[in-house]
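Letters go in sequence order (proteins before strands), and every chain restarts at 1. Excluded from the calculations below are hydrogen atoms, water molecules and symmetry mates; all remaining heavy atoms, backbone and side chain alike, are included. Note that this is a predicted model, so its numbers are computed, not measured.
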2 protein chains.
Amino acid sequence: MPPIQLDLTVPKSLSAAVEERIRDAIVNAELAFGQALPEDGVGLAMGVSRTPMREALTRLQAQGLVVIVPKKGTFVFDPSPDDVDQLAAFRLMLESEAVRLGLAVAPEAALAGLRAAQGAMEQARRSGDGRAYARADTVFHASFFHHCGNAYLAKAYESIAWQVAALRAHLSVPRLHEQDTSFAEHAAMIGHFAAGEAEALLAILGRHILRSAAVYREAIRVRGA
Amino acid sequence: MPPIQLDLTVPKSLSAAVEERIRDAIVNAELAFGQALPEDGVGLAMGVSRTPMREALTRLQAQGLVVIVPKKGTFVFDPSPDDVDQLAAFRLMLESEAVRLGLAVAPEAALAGLRAAQGAMEQARRSGDGRAYARADTVFHASFFHHCGNAYLAKAYESIAWQVAALRAHLSVPRLHEQDTSFAEHAAMIGHFAAGEAEALLAILGRHILRSAAVYREAIRVRGA
DNA sequence: ATATTGTACCTTGGATACAATAGAAGGATC
DNA sequence: GATCCTTCTATTGTATCCAAGGTACAATAT
């Protein structure tokens, strides 16, 4: 007899719910960079008290999404152009390693994840849903880490992935040309991954990441001026 | 008239103090792997209430030093042999990149840090202070990150450095031969760093890290049996 | 007019009380 | 004697209260 499998939505704690909600708000650009987040502001609006709110903010700080200034308050992170560059460089390092490990450890599983994400991206593109495209983009890159076999590497990526997603949401200029280039690059990466051609893949990945970083840096520079 | 400049030691928050204290206890092997840390246990012994204790534990979880199980309790992290391997592989990746960046960005400053740490190691070795040697060892490796010019890379290292230190303290067999090998390797790394010989340095670094990982893995395997 | 000071208000830091849940112990029943 | 059910305890999750630090603005003295 096959084992019974039931889906059970575990009642997540309030602090976890608040954390997710605020994170969504940040990565979906509902909250502006630098926006203040008083503990009794957002929390009371959701009907929770300051305690779970504080926990949520503490964890969000660990994810780099908010900055807590002692005795002053908590604010949505506000990256400088230099931050964007450093973030991209770090991301490129992590993702390159994840690609190499994934090819060595579980190429089939990783490839399946990549193709699923690509399918979602294609669908989003056809329906013109920019937000869905961005989500699928996030899933695509996360696939490398889900199958790299190193939990620490994956955790490190998690610690910056949300910041990257937030940058995408805040600063992406919805130019169709950009999306075309991006989509083509993803397809090319899948091809190289399937063929086991690590170096060719990494070359595209590097261009891919550094180009988007340049876009974000410019957007921040202009906005800051 | 020049502006008045006075040093004032800012009293750190209770939660920060508790966090440091518990972290010290873990990395100095005062607490065993898997040891339970109820919120009202350690906290009350230090005269603080559960609130700062909870905050401290939350942050320690982000540093990988404790594991919080919902509704069950908080426990000192308890790495498996596989964890040790993954941790070492991740650490090697981070540190290799830090070395490359350090050589490119601020070689003099990094070199000064390395030499200072080496001095401390030598002194600790002469006085036979194993704990001081371990601390200096930690400082040595941290030097690469303090001068790599990438805050995200440095932060990622921080998120695992304490775990590495804890492994050292819990599992290091104080064999003099090991310390001799370690000391010689550090010296060789400084030499290669000063000469700008990245590849030679990285070769030693790889051996250095993977060898200690092998020691820790074996120690955990034996203890677990 | 300007610099300083007093003050009100806002925000976080910490403590305590209460609610909810998981796990263990113990007893009753078959 | 084993098993199931109950109860009890230990621990975390959440709410609320008080204290302390920080900011901004108005009042005041020079």
Report summary line: Its contact letters, B for base, S for sugar-phosphate only and - for none at protein heavy atoms under 4.0 Å, make nucleotides 14-21 of chain C read BBBB---S
Query - From CA spacing to verdict: salt bridge (charged side-chain N to carboxylate O under 4.0 Å, His left out), Glu20(B), Arg23(B) - result: CA-CA 5 Å; Glu20(B) 284 186 28; Arg23(B) 183 168 53 216; 5.0 Å; no
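The interatomic distance linking Met53(A) (CE) with dT16(D) (C1') rounds to 17 Å, in whole Å. Distance CG (Asp40(A)) to P (dT12(C)): 7 Å, rounded to an integer number of Å. Between Lys72(B) atom NZ and dT9(D) atom C1' the separation is 15 Å, expressed in whole Å. Regarding Gln61(A), its CD atom lies at a distance of 14 Å from the C1' atom of dG13(C), rounded to whole Å. Rounded to whole Å, the distance from CZ on Phe75(B) to C1' on dT11(D) is 10 Å.
Between His208(A) and His141(A), the ring planes are parallel. Angles under 30° get that label, and only those over 60° would be called perpendicular. Classification of the Phe90(A)-Tyr152(B) ring pair by plane angle, with boundaries at 30° and 60°, yields parallel.
Considering only heavy atoms from C-beta on, Leu111(A) comes within 4.5 Å of Phe193(A) through its side chain.
Nucleotides of DNA chain C nearest to Pro70(B) and Leu57(A) differ in position, and the one nearer the 5' end is that of Leu57(A).
Checked against Met93(A) for a side-chain contact (heavy atoms from CB on, under 4.5 Å), the options Asn150(B), Leu153(B), Leu101(B) give a single hit: Leu153(B).
Using modelled atom types, no side-chain atom of Asp137(B) and backbone atom of Ala134(B) make a donor-acceptor pair closer than 3.5 Å.
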